[in-house]
There are 2 protein chains.
Amino acid sequence: MPSPSLENQPESAPREKRLRRDAAANRERLLEAARSVFAEHGLEASVEDVAHAAGVGVGTLYRRFPTKDALIAELVREFMEKVVTLVTEAAQSPAGRGLETFIYALGEVQAANRGCLARIWTDQTTTGLRDVYREHIAALLKDAKAHDAVRVDASVTDLDILFWSLRGIIETTGDLSRTAWRRQAAISLAGLRPSPIALADPPVAEEIIHRSRQSTLVHSERGS
Amino acid sequence: MPSPSLENQPESAPREKRLRRDAAANRERLLEAARSVFAEHGLEASVEDVAHAAGVGVGTLYRRFPTKDALIAELVREFMEKVVTLVTEAAQSPAGRGLETFIYALGEVQAANRGCLARIWTDQTTTGLRDVYREHIAALLKDAKAHDAVRVDASVTDLDILFWSLRGIIETTGDLSRTAWRRQAAISLAGLRPSPIALADPPVAEEIIHRSRQSTLVHSERGS
DNA sequence: GCATAAGCGGAATAAAGAATCCGCTTAGAT
DNA sequence: ATCTAAGCGGATTCTTTATTCCGCTTATGC
């Protein structure tokens, strides 16, 4: 094993060569600026705005990310990675509580990344992460049902649409309210609790969920 | 009272002069085309696409609507008018059932107008209609509570966020699924039914709803 | 300290799309 | 049947914004 001081190959997969220290810092600042600017003005904020917010020129942005889309894709990737982390952590929650824990945690990340939520379900480069995530929530749901925290006729697709619905609220309320999506989450969770009254509509077919990944996407924008 | 055959002043408010028959038809076709193209490709679909979908040139579109925004605003206006109609009709429902009826009806209109949903809550020209609508849903909620169909701690703002949440689903699933938003509506309604278990989060303040009208907006787009 | 590959800023370029203009066409009043 | 204001299409103009290019600067390994 090489000595720690010689870490020229940072980790397992040293994505290309190593960046110069200042360049690495700029890359981070760019991503952070992008998150913030896109959250504020939506994805149609200009590349120049992002670069300036990061305190660099557009040239710098383009040396690191070949296109605007690539920049957004990286935000999406980091988001999905965070989601997978959270869902994994949630699995450690006390029996039967994992799902609820995860729902609130996911709401927080979505809110923190509201600029790029639009691309999350359609981005084709993170399909793998999305599959992992989906396996995990299926397990959380099963656990919740086993502990009588959730009605037995709830399906994984109900969780998918729950997350989409929270996205709608987060995009609408922007940074005005953390309460809004939490309240809706609470109401939905209440609706998912075991009940003798059947739900008036059937769950969504898995296939629909998969197809929607390929076709629909949404942009965000914000006015003054 | 003038004879019906001389209706040079069509109705109460004859919005400007009367359009030539072909021009009036084109105007309708443009609005319909806009609804469809925006639903398909989002609001960033080009004006030219809309004009062509309507079978006319861009010049024709611009003679009728001074800007692209004006066209969108008209879609929004017609949407809001429809919403007000629906909420008024829902008030005729059997006692205690009006709210549920309206929620499903609103889902349908939202789905039929998914292209321009993004502008609905921020459009400043339909504030009046929105206020009317809001008075009505307050009444529907009160009625539902009176008939024990909805929990007493539900607030009007819960309905606001419910509608935003449905929007999120409709925008994500596009025309793939009518089931998706209905299922979420069913779950939310279940969560809003009277229950001894209090909701984990407080309702959203009215003020937040009003502020979000002025600041946040969202665009839609669709790929492939 | 020096050499130099890596980085940087921002002007210049290019493409897309909104809005305008103008010569030709037609509904519909007489 | 005729006349003309209202309409029409679409080429053209004007903006906005992504992306490229290039001469100057600076970490970093020796």
Side-chain angles (χ1 to χ4, degrees), chain A residues 5-10 14-31 33-34 37-38 40-75 119 219-221 223, chain B residues 5-10 14-31 33-34 37-38 40-75 115 119 219-223:
Chain A
S5 60
L6 292 177
E7 48 181 359
N8 13 9
Q9 307 210 353
R15 315 192 155 254
E16 331 236 319
K17 293 175 68 175
R18 162 106 84 190
L19 288 180
R20 224 163 78 172
R21 203 192 309 284
D22 54 346
N26 278 340
R27 193 190 126 99
E28 284 317 304
R29 300 174 70 194
L30 276 166
L31 286 170
V37 171
F38 289 151
E40 191 77 359
H41 304 287
L43 289 177
E44 48 272 301
S46 75
V47 169
E48 201 162 322
D49 281 353
V50 172
H52 279 131
V56 305
V58 279
T60 302
L61 187 157
Y62 274 95
R63 190 159 324 87
R64 217 47 66 202
F65 305 95
T67 63
K68 182 181 184 180
D69 256 17
L71 170 63
I72 295 171
E74 176 62 13
L75 291 180
R119 295 289 176 84
H219 268 184
S220 293
E221 163 195 311
Chain B
S5 61
L6 292 178
E7 47 182 359
N8 15 10
Q9 309 211 350
R15 313 190 158 257
E16 332 237 315
K17 291 174 72 174
R18 163 105 82 187
L19 289 180
R20 224 163 76 173
R21 203 190 311 282
D22 55 346
N26 278 340
R27 192 189 127 100
E28 283 318 303
R29 300 175 72 194
L30 277 167
L31 286 170
V37 171
F38 288 151
E40 192 76 359
H41 303 287
L43 288 177
E44 49 272 299
S46 74
V47 169
E48 201 161 321
D49 280 352
V50 172
H52 279 131
V56 304
V58 280
T60 303
L61 187 157
Y62 276 97
R63 190 160 326 87
R64 216 49 65 203
F65 304 96
T67 64
K68 182 181 184 179
D69 257 18
L71 170 63
I72 295 171
E74 176 62 12
L75 290 180
R119 295 290 176 83
H219 268 187
S220 294
E221 160 195 313
R222 192 187 151 289

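Naming: A, B, ... by sequence-line order, numbering from 1 per chain.
- When all heavy atoms of A:Ala23 and A:Arg64 are compared, the pair lying nearest together is CB-NH2, 3.6 Å.
- Per the geometry, CG belonging to B:Asp49 stands 14 Å off P belonging to D:dG10, to the nearest Å.
- When each of A:Thr67, A:Val58, A:Val37 is checked for a side chain to side chain contact (heavy atoms under 4.5 Å, CB included) with A:Val47, only A:Val58 meets the rule.
- For the pair A:Arg29 CZ and C:dC8 P, the interatomic distance rounds to 10 Å; values are reported in whole Å.
- Distance B:Leu19 CG to C:dG28 C1': 14 Å, rounded to the nearest Å.
- Atoms CZ (B:Arg64) and P (C:dT20) sit 15 Å apart, rounded to a whole Å.
- One N or O donor and one acceptor, one from the side chain of A:Arg20 and one from the base of D:dT26, sit under 3.5 Å apart.
- Across the protein-nucleic acid pair, B:Lys68 atom NZ and C:dT20 atom P stand 15 Å apart, rounded to whole Å.
- In this structure, B:Leu43 CG and B:Lys68 NZ are separated by 7.0 Å, a value rounded to the nearest 0.5 Å.
- Atoms OH (B:Tyr62) and P (C:dT20) sit 8 Å apart, rounded to a whole Å.
- For the pair A:Phe38 CZ and D:dT17 C1', the interatomic distance rounds to 13 Å; values are reported in whole Å.
- Between the CD atom of B:Glu44 and the P atom of C:dA16 there is a distance of 16 Å, rounded to whole Å.
- Backbone-only contact: B:Val47 has heavy atoms under 4.0 Å from sugar-phosphate atoms and none from a base.
- Both A:Val58 and B:Asn26 lie close to DNA chain D; mapped to their nearest nucleotides by heavy-atom distance, the more 5′-ward contact belongs to B:Asn26.
- Take the nearest nucleotide of DNA chain C for B:Arg63 and for B:Asp22: the residue whose nucleotide is more 5' is B:Arg63.
- Ionic pairing of B:Glu74 and B:Arg27 is present here: one or more N-O contacts between side-chain nitrogen and carboxylate oxygen are shorter than 4.0 angstrom.
- For B:Ser46, counting side-chain heavy atoms from C-beta on, the closest listed nucleotide (C:dG17, D:dG10, C:dG7) is C:dG17.
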